[in-house]
Amino acid sequence: MAEELKKLTGRVQNVEVGKGIEGVDKNEQIYMKLFMRSLTGDALSWYISQDPKKWVSWVSMPSDFMDRFKFNIENAPDVFYIQNLKKKPTETFREYATRWRSETVKVRPSLEEEQMNKFFVRAQDPKYYERLIVIENNKFSDIIKIEERIEEGIKSGMVTNFEALQATNKAL
């Protein structure tokens with residue numbers, strides 16, 4: 001959402017200065033219509049629920065919009081959030097990694113690839129962490145492939161699941 005807000009802010013700024021719009025000059029009604037047509041998703045739902053008569057000028061419309069959606073920028077995920085983003089029991093590892101990575105690109109300030117990989121490895125369950133720590137400097141896609149192999153190995157019994165082993169030892 002923050003990414004969409006950034007794009008939309010850029011569009012609004014371009015419309016404000018009339019960039020790329022032939023013959024618009026300073027016609028506020030055209031600005032307002034162009035702004036409305038650029039909205040999608042939650043922003044469009046917000047616009048539809050508004051009373052357009054309350055906006056007497058072009059400046060009031062994007063100002064209301066920014067007041068409503070500014071929290072998306074201010075409330076961007078941080079490193080603490082992504083470190084605590086865990087795999088859901090219903091997710092495959094690939095789905096989890098994709099969700100984790102999509103959340104990571106929203107972190108402010110932005111993280112370097114190497115930092116993302118370290119945080120990703122540290123966010124894993126101990127059974128994976130112990131095996132992945134040695135490859136945290138690899139590419140993200142390599143980490144995913146290796147973790148999938150570890151997961152498959154645990155399921156097939158080829159890789160020892162230390163948690164299950166500990167539970168068995170306690171039971172004995």
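Checked by atom type and distance alone, the side chain of Glu95 pairs as donor or acceptor with a backbone atom of Thr92 at under 3.5 Å.
To the nearest 0.5 angstrom, Asp64 atom CG is 11.5 Å from Tyr47 atom OH. Here the CZ-CD distance, from Phe93 to Glu91, works out to 10.0 Å after rounding to the nearest 0.5 Å. Between Lys118 atom NZ and Ile143 atom CD1 the span is 11.0 Å, to the nearest 0.5 Å. We find the CG-CD distance between Asp125 and Glu147 to be 8.0 Å, quoted to the nearest 0.5 Å.
By the ring-ring contact (aromatic ring centres under 6.0 Å, His included) test, Phe119 is found to be paired with no residue, residues two or more places apart in sequence or in another chain being considered. Partners of Glu113 by side chain to side chain contact (heavy atoms under 4.5 Å, CB included), not counting sequence neighbours, listed by chain and number: Arg101, Met116, Asn117, Phe140. The side chain to side chain donor-acceptor pair (under 3.5 Å) test applied to Arg122 returns no partner, not counting sequence neighbours. Partners of Asn138 under the side chain to side chain donor-acceptor pair (under 3.5 Å) rule, at least two apart in sequence or in another chain, do not exist in this structure. Judged as a side chain to side chain donor-acceptor pair (under 3.5 Å), and not counting sequence neighbours, the contacts of Gln124 are Tyr96.
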Return a table of donor-acceptor pairs under 3.5 angstrom between the side chains of residues 78-86 and protein atoms on other chains or two or more places apart.
| residue | atom | partner | partner atom | Å |
| --- | --- | --- | --- | --- |
| Asp78 | OD1 | Phe80 | N | 3.4 |
| Asp78 | OD1 | Tyr81 | N | 2.9 |
| Tyr81 | OH | Glu103 | OE1 | 3.3 |
| Asn84 | ND2 | Phe80 | O | 2.9 |
| Lys86 | NZ | Ala123 | O | 2.8 |

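Gln115 and Glu112 get closest at one heavy-atom pair: OE1-N, 2.8 Å. What you find for Phe65 and Leu39 is that their closest heavy atoms are CE1-CD2, 4.0 Å.
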Practice task
Take Lys87 and Glu151 through the test side chain to side chain contact (heavy atoms under 4.5 Å, CB included) and record every step on the way to the result.
Solution key: CA-CA 12 Å; Lys87 182 179 172 288; Glu151 187 175 50; 3.6 Å; yes
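Within a 6.0 Å sphere centred on NZ of Lys155, other residues, nucleotides and ligands contribute 12 heavy atoms or fewer. Environment of CZ in Arg94: sparse, with no more than 12 heavy atoms of neighbouring residues, nucleotides or ligands closer than 6.0 Å.
Side-chain contact between Glu114 and Glu136 is absent, with no heavy atoms from C-beta onward closer than 4.5 Å. In this structure, the side chains of Asp142 and Ile135 stay at 4.5 Å or more apart for every pair of heavy atoms.
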